[in-house]
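Heads up, the thing below is written out as C-alpha cells.
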Amino acid sequence: MDRMDHLEHLDKHLVDELAQVARETVRDELREQTRKQRRKATLYAASGAAALYAGAAVALAVGLALAVGLPDWAAALITAALLGVAAYLLRAAARPHASGPGSGAGVGGDAPAMPAGAPSVPPMPPVAPGVGGTAGVPGTGTVPGGAAATAPRRDDTGPEAPRERG
C-alpha cells in the first residue's frame with residue numbers, strides 16, 4: 001500500500017505542476033495581448049483628442065467667418081446651432097434601425113414611425129379564405145354542419161372577445 005500512496009502523491013504533484021505551467025502560459029499570453037491592446041487604445045484616444053481639437057478649430061473658423069458680417073453674439077449662436085444639428089444627425093446615424101419584419105425597437109429605442117394615414121391594424125379580407133362562396137371553387141365552401149360561414153369581423157377576433165360555448 002505504501003507504493004500506491006507514493007504513486008498518488010506523484011500524480012497529485014504532476015497535476016499541480018501542469019496546472020501551474022498552464023496558468024503561467026495563459027498569464028504570459030494575456031499580458032502580451034493586453035500590451036498590444038493598450039497601445040492601440042492609446043493611439044485611438046490620441047486620435048480622438050486631435051479630432052476634437054480639429055473640430056473646435058473648424059467651429060472657431062466658422063464663427064469668425066460669420067462674425068465678419070454679423071455681430072459676434074449672432075455668429076456664435078449660429079455656430080452653436082450648426083454644431084447642434086450636426087450632433088443630432090450623427091446621433092441619428094448611430095442609432096440602429098429596424099431592418100426586417102418582426103424586428104421591434106431595441107431596449108430604450110423608439111418604435112418605428114407609421115406612415116401618415118396608415119391604419120393602426122392590418123387590413124382584413126372581406127371573406128376569410130376557404131369560407132363562404134360557391135361550391136366547387138377552391139377556397140370556398142361551408143363550415144362542417146352545412147351552414148354557410150361568414151367572414152370574421154374585427155370586433156370579434158381579438159383575444160378578449162367573448163367566445164361561444166356549444
Side-chain angles (χ1 to χ4, degrees), residues 18-134 137-141 143 148-164:
L18 284 173
Q20 181 66 27
V21 169
R23 276 193 296 268
E24 289 174 4
T25 304
V26 169
R27 188 179 300 132
D28 290 341
E29 182 67 27
L30 287 175
R31 190 174 293 135
E32 182 181 334
Q33 288 180 3
T34 303
R35 191 176 304 124
K36 289 178 184 177
Q37 293 295 329
R38 189 180 305 135
R39 178 170 158 39
K40 189 184 291 186
T42 303
L43 290 174
Y44 272 120
S47 170
L52 179 68
Y53 283 115
V58 168
L60 179 65
V62 168
L64 290 174
L66 288 172
V68 170
L70 297 171
D72 292 344
W73 64 268
L77 189 64
I78 291 172
T79 304
L82 290 174
L83 288 173
V85 168
Y88 179 78
L89 293 176
L90 288 172
R91 184 190 66 131
R95 277 196 170 163
H97 297 287
S99 62
S103 63
V107 175
D110 296 333
M114 296 283 292
S120 61
V121 290
M124 290 183 60
V127 176
V131 178
T134 59
V137 177
T140 63
V143 288
T150 59
R153 297 184 317 236
R154 280 191 184 161
D155 58 348
D156 64 0
T157 58
E160 291 86 23
R163 307 229 188 279
E164 290 185 33

message: So, taking the atom named CZ in Arg23 and the one named CG in Leu18, what distance separates them when rounded to the nearest 0.5 Å?
response: 10.5 Å

- prompt: Say you draw a straight line from CG of Asp72 to CG of Leu64; how long is it, rounded to the nearest 0.5 Å?
  reply: 8.5 Å

message: Donor-acceptor pair, distance only, cut-off 3.5 Å: does the side chain of Thr79 make one with the backbone of Ala75?
response: yes

statement: The reported gap from CD in Gln37 to OG1 in Thr42 (rounded to nearest 0.5 angstrom) is 11.0 Å

query: Quick one: CD on Glu29 to CD on Gln33, what's the gap to the nearest 0.5 Å?
result: 4.5 Å

message: With side-chain contact (heavy atoms from CB on, under 4.5 Å) as the test, pick out the partner of Val62 among Ile78, Leu83, Leu82.
response: Leu82

